[in-house]
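Below: the structure, in structure tokens.
Per chain, numbering begins at 1; letters A, B, ... match sequence-line order.
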Amino acid sequence: MPELPEVETIRRELAPRVVGRRINEVEIRWPGIIARVSPDIFRQRVQGARVTGMGRRGKYLLWTLEPEGTVIVHLRMTGQLHHHPSPVPGDKHTHLIMRLDDGSEVHYRDVRKFGRWYWTSAPEEVVGHLGPEPLSPEWTVEEFAAALGRRRRPIKALLLDQGVVAGLGNIYADEALFVAGIHPLRRGDTLHVEEVRRLHEAIRQVLLEALHAGGSTFSTYQRPDMGEGTYQRRHRVFRRTGHPCPVCGTPIERIRVSGRSTHFCPHCQR
DNA sequence: ACCACAACCTGGCCGC
DNA sequence: TGCGGCCAGGTTGTGG
């Protein structure tokens with residue numbers, strides 16, 4: 001489940017291989033992954049364009065094209081991007097192949113086909129609903145507090161709301177709440193200033209730690225060079241139900257919050 | 001405005 | 001061994 005650290009890792013590995021290259025051909029094997037425009041239009045707009053930059057907003061990867069437009073990719077649950085120096089056939093889960101002008105290929109694999117590819121001349125129409133970037137210095141405690149202060153939903157649900165802050169998913173929401181010592185069912189509007197400050201810092205800390213580890217690798221996430229992230233080894237609570245809390249030893253509990261499995265320490269997160 | 005839940009998909013796992 | 005059913009979780013859409 002690629003979240004911000006995984007998408008940023010992918011961006012860093014893919015960009016040097018792709019930026020500056022011309023996209024000679026786009027092969028779409030599963031048209032359902034193309035959103036907003038028809039697969040034919042997508043192919044027309046992308047084929048022949050040159051990639052001049054690769055950026056990220058939240059969990060979205062943005063490829064800037066010349067002469068016009070932006071390709072935006074969201075990997076959702078199981079999407080993977082791989083770069084191959086020379087042509088390979090792909091497998092039954094390979095749904096899109098880009099052939100570049102140096103003979104290399106970018107392959108998109110997605111077992112569950114939830115991921116989406118966009119072409120747009122107005123990226124804000126796709127990513128404009130996103131809240132601030134948590135690793136940007138412009139994301140302040142004050143802004144975070146303002147986004148939480150009026151909300152009655154559980155803090156776990158608010159962290160997963162991409163309009164509150166962009167890029168957190170189930171893993172890093174649970175990890176950040178643990179580091180901040182906040183119970184996932186606390187209502188947003190009941191957090192004290194000090195707790196908001198701790199959570200703001202915890203979010204940045206776990207995202208940066210994960211980024212330095214190359215993200216978390218489960219069966220469904222791989223880096224473009226086929227390497228693996230290692231942050232899953234350092235998860236404190238996520239998918240560690242019954243294991244001892246790394247701080248106090250109390251068994252980690254699992255509950256459902258807003259329909260999502262949620263892991264926490266009942267002693268450290270009251 | 002708020003919330004719950006289904007839908008999108010498939011593979012892995014569990015129990016029988 | 002095989003089969004049915006459930007679960008995983010990001011996002012959108014629907015309905016209460």
query: So what's B/dC9 paired with, Watson-Crick or G-U wobble, going by both distances under 3.5 Å?
result: none
message: What is the separation between atom CG on A/Leu160 and atom C1' on B/dC2, rounded to the nearest whole Å?
response: 17 Å
- prompt: With centres under 5.5 Å and planes under 30° as the test, does A/Phe114 stack with C/dT11?
  reply: no
- request: Give a yes or no answer on whether the side chain of A/Gln162 reaches the backbone of A/Leu168 with a donor-acceptor pair at less than 3.5 Å.
  value: yes
message: For C/dT11 and A/His74 - does any side-chain N or O of the residue sit under 4.0 Å from the phosphate oxygens OP1/OP2?
response: yes
task: Would you classify A/Gly259 as touching base, sugar-phosphate or nothing, given that sugar-phosphate means primed atoms plus P, OP1 and OP2, and contacts are heavy atoms under 4.0 Å?
output: nothing
Phosphate OP1/OP2 of B/dT10 contacted by A/Lys113 side-chain N/O (<4.0 Å): yes
- line: When A/Lys92 and A/Arg76 are each assigned the nearest nucleotide of DNA chain B, the 5'-most assignment goes to A/Arg76
message: Does A/Arg152 reach a base, just sugar-phosphate, or nothing at all? Heavy atoms under 4.0 Å.
response: sugar-phosphate
statement: Atom CH2 of A/Trp30 and atom C1' of B/dT10 are separated, to the nearest Å, by 11 Å
- prompt: Counting only heavy atoms not in A/His129, do more than 12 sit closer than 6.0 Å to its NE2 atom?
  reply: yes
query: Between A/Trp139 and A/His200, is the gap from one ring center to the other below 6.0 Å?
result: yes
Whole-Å distance separating the CG atom of A/Asp161 from the P atom of B/dA4: 14 Å
message: Under 4.0 Å from OP1 or OP2 of B/dG11: is there any side-chain N or O of A/His93 that close?
response: yes
message: Just N and O in the side chain of A/Lys59: are any of them under 4.0 Å from OP1 or OP2 of C/dT11?
response: yes
task: Give a yes/no on whether any side-chain N or O of A/Arg153 is located under 4.0 angstrom from OP1 or OP2 of B/dC3.
output: yes
message: With rounding to the closest Å, how many angstrom separate the P atoms on B/dG12 and C/dT11?
response: 24 Å
Gap in Å between the two P atoms, one belonging to C/dC3 and one to B/dC8, rounded: 25 Å
- line: To the nearest 0.5 Å, atom CD of A/Glu13 lies from atom CD of A/Glu8 at 11.0 Å
task: Using the six-membered ring wherever Trp is involved, compare the ring planes of A/Tyr118 and A/Tyr60 and label them parallel, tilted or perpendicular (cut-offs 30° and 60°).
output: tilted
